[in-house]
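In what follows, chains are A, B, ... by sequence order, proteins preceding strands, each numbered from 1.
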2 protein chains.
Amino acid sequence: MPGGNCQRQEWWHGKFRCCGYRLTLGREAILDILSKSEGHLSAEDVYMKVHPKYPNVGLTTIYRTLNVLSNLGIVCKLDFGDGRSRYELAEGTEDTHHHHHLVCTNCNKVIDYTDFIDEELELLRKTEKGLGAKYNFKITNHIIQFYGLCDKCSGKE
Amino acid sequence: MPGGNCQRQEWWHGKFRCCGYRLTLGREAILDILSKSEGHLSAEDVYMKVHPKYPNVGLTTIYRTLNVLSNLGIVCKLDFGDGRSRYELAEGTEDTHHHHHLVCTNCNKVIDYTDFIDEELELLRKTEKGLGAKYNFKITNHIIQFYGLCDKCSGKE
DNA sequence: TTATTAATGGAAACCATTTTCATTAAGGAG
DNA sequence: CTCCTTAATGAAAATGGTTTCCATTAATAA
């Protein structure tokens with residue numbers, strides 16, 4: 001598992017290569033943005049961040065690249081119920097700490113939390129192993145999300 | 001918590017009433033279909049099932065009703081990454097057993113599983129309580145999903 | 001350097017979902 | 001039971017995130 005920026009690039013490089021993908025400027029730009037931003041970016045968010053530095057990278061490429069990255073397991077595609085997909089670097093991509101989400105169903109605010117991670121990891125490991133074997137499923141990722149009303153929204157009613 | 005069909009209807013009736021919603025034929029039809037079907041229905045799935053018996057219930061009403069039911073916590077809105085939302089009766093709506101999903105990112109096949117539920121429930125109870133207090137979040141629902149490649153799709157590579 | 005073919009961008013297409021608006025009907029008041 | 005208020009509805013149109021098309025560009029292997 002890579003550590004620094006250089007090694008990380010090498011890693012992506014390798015992942016791309018061995019799957020027959022070409023490493024282009026646009027893709028590197030997108031990976032760069034993702035690794036520098038805190039999660040939950042929509043395709044358009046990524047576009048807005050990439051555009052100033054690389055004005056010739058179109059939104060279509062953002063979508064295509066995010067799909068590729070998602071298929072490779074490098075980014076995780078999320079849905080918070082606001083009609084657009086969100087993307088963040090998947091765990092295992094160094095400096096990404098294991099976390100999950102608390103989503104307000106009213107204002108769509110999202111809180112990352114890292115509590116109970118140890119117990120959670122224990123259960124997840126067991127579950128992944130058990131389910132993987134039972135259903136012959138090759139598990140690559142998981143999502144845990146809690147839904148409810150946030151501080152402000154629960155007060156309003 | 002209601003048991004039979006009659007009591008269940010009473011329960012919905014009450015939930016609707018106390019929130020100022022009117023109980024219409026269309027809404028009852030939709031609830032009826034949801035309670036008779038195994039989960040993971042898209043809005044259009046519901047429409048197709050409701051239509052033969054109630055041809056004058058439009059797709060718009062299906063969407064509107066599913067939203068209302070989702071807000072009331074009667075149904076749970078899910079996303080399996082295939083571009084359309086899925087709905088199923090939320091837990092706590094009797095005969096709905098606590099379960100989660102195993103989603104194939106290649107063919108979108110979904111497997112329900114109920115393994116490790118006891119340990120999971122323990123963790124969830126703790127997490128909900130802890131997070132609820134810490135962030136002053138009123139948690140009403142949660143989702144746990146594992147992603148990966150199913151039996152068939154992992155063999156293909 | 002050249003040839004092959006994946007990658008790209010811009011425009012158009014797609015399609016699930018939402019909005020609009022005129023009409024209908026649920027449910028409380030009398 | 002009837003009337004009245006207003007939520008609910010359906011059909012059509014609008015919306016908007018995402019994908020597809022296609023001609024052009026550029027990354028990689030030979």
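Checking D:dT19, C:dT8, D:dT18 against the side-chain heavy atoms of A:Arg27 singles out C:dT8 as nearest.
Note on A:Ser85: only backbone sugar-phosphate atoms sit closer than 4.0 angstrom, heavy atoms only; bases stay farther off. When heavy atoms are screened at a 4.0 angstrom cut-off, B:Asp82 is found touching no nucleic acid atom at all.
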Annotated protein contacts, base or backbone, on nucleotides 25-30 of chain C with a non-hydrogen cut-off under 4.0 Å, one of B, S, - each: BBS---
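Across every non-hydrogen atom of A:Phe137 and B:Gly148, the tightest pair is CE2-C, 3.7 Å. Between A:Leu59 and A:Tyr47 the shortest heavy-atom distance is N-CE1, 3.6 Å.
A:Ser37 contributes no side-chain N or O that, together with a main-chain N or O of A:Leu34, makes up a donor-acceptor pair within less than 3.5 Å. B:Asp45 contributes a side-chain N or O that, together with a main-chain N or O of B:Ser42, makes up a donor-acceptor pair within less than 3.5 Å.
Going from atom CG of A:Leu59 over to atom P of C:dA7 covers 18 Å, rounded to whole Å. The OH atom of A:Tyr47 sits 10 Å away from the C1' atom of C:dG10 (whole-angstrom rounding). Computed from coordinates, the B:Leu66 CG to C:dA16 C1' distance equals 13 Å when rounded to whole Å.
Toward the 5′ end of DNA chain C lies the nearest nucleotide of A:Gly58, the other residue of the pair B:Thr60 and A:Gly58 mapping further downstream.
Note on B:Asn67: a side-chain N or O is less than 4.0 Å away from OP1 or OP2 of C:dT18. Put simply, A:Tyr63 has a side-chain N or O that comes within less than 4.0 Å of OP1 or OP2 on D:dT18.
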Working note: A:Phe16 + A:Leu31, criterion side chain to side chain contact (heavy atoms under 4.5 Å, CB included); need CA distance, chi angles, decisive distance, verdict. CA-CA 12 Å; A:Phe16 266 88; A:Leu31 275 168; 3.9 Å; yes
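Residues satisfying the side-chain contact (heavy atoms from CB on, under 4.5 Å) test with B:Ile143, not counting sequence neighbours, are A:Tyr147, B:Leu78, B:Gln145.
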